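Have a look at the structure below before the remarks.
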Amino acid sequence: MRLATWNVNSVKARLPRLLDWLAATEPDVLCLQETKCPAEAFPAAEVGELGYAAAAHGDGRWNGVAVLSRVGLDEVTLSFPGEPGFGELAGVGAARPEARAIGATCGGLRVWSLYAPNGRAVDSPHFAYKLEWFAALRDALAAELPSGPLVACGDYNVAPTDADVWDPALFVGATHVTPAERDALAALRALGLHDVVPTPMKGPHPFTYWDYRAGMFHQNKGMRIDLVYASGDVSGRVRSAYVDREARKGKGPSDHAPIVVDLDPIS
DNA sequence: ATGCCTCTAAAGTAGAGA
């Protein structure tokens, strides 16, 4: 099975590239983040022509996640149980969860496509929301893990180590690298989830995100913030994993590159 | 070379991303 995850930064703006990439890469399952479109506007017919079923969760302008599969798409779950919304923590009343999580069972594998809150700044209510969201995610995945093989893919908006940012000194005091955020990842690993670290196509760092500005991609000033967290029975089947930095090149790319993971069949 | 930001809409500028 070939599994992939990609923050596309608008599925509408990226649709020609997405379709070309699907045809060339042929993943069995693809997790998408930042689709930035309502579920009813998701280009299900277009991906359907390539043989993919689609499940989408959307808010409209912001966020948005989806799962595409050509090996079955069952038990679709929009948001995870206990997922917080932003407004509750900001004290402005109860809020629905944002469109940051969608789960589906694809060919016997439980798959989550996740888009973690950015956090903005450590003194922002958005940062507290980010940590609360991760704590709730931990509980939701803990509840599902006994049921079978599981993979939680997506844009975690956390760089797991200092080696996962191009210049750690520039990130002192910033989000994405704080001990609190890294502890949230450690709590997920403590459940038995394994960080499937992909191989970079170029250079020593498996970065998955490069800012659009100032030629960051061309200088390989990136971050590894897109992650594949796999249960033990899945991580043991990983034959290979890579960051497809080719998809970050050229005109009109997303600012993130896809991660592609090849799994051996269940023996 | 891979090339200096881009997306959406409550749009003609602003907010968000990280």
Side-chain angles (χ1 to χ4, degrees), chain A residues 5-18 20-21 24 32-43 56 58-66 85-87 90 98-100 114-131 133-134 154-178 180-182 184-185 200-203 205-227 242-258:
Chain A
T5 183
W6 192 8
N7 178 325
V8 286
N9 185 16
S10 172
V11 72
K12 182 181 175 187
R14 218 65 59 212
L15 188 58
R17 292 185 70 120
L18 172 63
D20 288 349
W21 186 87
L32 296 172
Q33 301 86 36
E34 282 207 86
T35 55
K36 295 184 175 178
C37 83
E40 61 271 21
F42 191 87
D59 279 337
R61 183 176 186 178
W62 306 117
N63 313 312
V65 286
F86 174 68
E98 298 174 307
R100 296 184 175 279
L114 303 171
Y115 176 51
N118 172 289
R120 301 190 186 183
V122 293
D123 58 354
S124 163
H126 290 270
F127 187 77
Y129 164 52
K130 182 178 191 175
L131 296 180
W133 187 89
F134 271 113
D155 180 355
Y156 281 69
N157 270 320
V158 180
T161 74
D162 280 352
D164 295 315
V165 297
W166 79 92
D167 185 354
L170 291 177
F171 283 82
V172 172
T175 60
H176 294 64
V177 299
T178 65
E181 289 164 286
R182 289 174 173 169
L185 295 185
M201 293 175 99
K202 180 184 177 184
H205 304 290
F207 295 147
T208 62
Y209 162 84
W210 301 260
D211 197 293
Y212 284 124
R213 292 168 287 192
M216 298 289 272
F217 177 66
H218 322 287
Q219 302 170 65
N220 200 25
K221 293 181 175 177
M223 306 172 74
R224 184 170 81 96
I225 52 176
D226 299 271
L227 305 175
Y242 69 96
V243 181
D244 186 2
R245 75 189 300 282
E246 294 296 318
R248 181 63 177 78
K249 295 181 180 179
K251 183 175 171 56
S254 171
D255 43 2
H256 294 250

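We name chains A, B, ... by the order of the sequence lines, and we start the count at 1 in each one. Only a predicted model underlies this, so the values are computations on that prediction, with no experimental measurement involved. Excluded from the calculations below are hydrogen atoms, water molecules and symmetry mates; all remaining heavy atoms, backbone and side chain alike, are included.
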Between atom [atom1] in [X] and atom [atom2] in [N], what is the gap in whole Å?
| X | N | atom1 | atom2 | value |
| --- | --- | --- | --- | --- |
| A:Gln219 | B:dC5 | CD | C1' | 14 Å |
| A:His218 | B:dC4 | NE2 | P | 6 Å |
| A:Asp59 | B:dA9 | CG | C1' | 15 Å |
| A:Glu98 | B:dG15 | CD | C1' | 14 Å |
| A:Phe217 | B:dT6 | CZ | P | 14 Å |
| A:Met201 | B:dA1 | CE | P | 19 Å |
| A:Lys251 | B:dG3 | NZ | P | 10 Å |

Give a yes or no on whether the ring-centroid distance for A:Phe171 and A:His176 is below 6.0 angstrom.
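No.
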
Starting from the 5' end of DNA chain B, give me the residue, A:Pro38 or A:Gly250, whose nearest nucleotide shows up first.
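Result of the comparison: A:Gly250.
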
Please determine if A:Asp162 and A:Arg182 form a salt bridge, counting it only when a charged side-chain N lies under 4.0 Å from a carboxylate O.
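Answer for the salt bridge query: yes.
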
Roughly how far apart, to the nearest Å, are [N] and [M] at atom [atom1]?
| N | M | atom1 | value |
| --- | --- | --- | --- |
| B:dA16 | B:dA10 | P | 15 Å |
| B:dA18 | B:dT13 | C1' | 22 Å |
| B:dT6 | B:dA11 | P | 23 Å |
| B:dT8 | B:dG12 | C1' | 14 Å |

Taking salt bridge (charged side-chain N to carboxylate O under 4.0 Å, His left out) as the test, write out the residues that go with A:Glu34, two or more places apart.
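Expected list: none.
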
Among side-chain atoms of [X] and [Y], is any donor-acceptor pair under 3.5 angstrom?
| X | Y | value |
| --- | --- | --- |
| A:Ser254 | A:Asn9 | no |
| A:Trp6 | A:Asp244 | no |
| A:Tyr156 | A:Gln33 | no |

Identify all pairs in which a protein N or O lies below 3.5 Å from an N or O of nucleotides 16-18 of chain B, and state each distance.
residue, atom, partner, partner atom, Å
B:dA16, OP1, A:Arg120, NH1, 3.4
B:dG17, OP2, A:Arg120, NE, 3.0
B:dA18, OP1, A:Glu34, OE2, 3.3
B:dA18, OP1, A:Asp155, OD2, 3.4
B:dA18, OP1, A:His256, NE2, 3.3
B:dA18, OP2, A:Tyr115, OH, 3.2
B:dA18, OP2, A:Asn157, OD1, 3.4
B:dA18, OP2, A:Asn157, ND2, 3.1
B:dA18, O5', A:Asn157, OD1, 3.4
B:dA18, O4', A:Tyr209, OH, 3.4
B:dA18, O3', A:His176, NE2, 3.2

Touch check for A:Gly252, heavy atoms < 4.0 angstrom, all strands: base, sugar-phosphate only, or nothing?
nothing

Excluding sequence neighbours, so at least two apart, what forms side-chain contact (heavy atoms from CB on, under 4.5 Å) with A:Pro43?
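A:Pro43: side-chain contact (heavy atoms from CB on, under 4.5 Å) contacts with A:Val11, A:Leu15, A:Glu46.
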
Give a yes/no on whether any side-chain N or O of A:Arg14 is located under 4.0 angstrom from OP1 or OP2 of B:dC7.
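It does, given that an N or O in the side chain of A:Arg14 lies less than 4.0 Å from OP1 or OP2 of B:dC7.
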
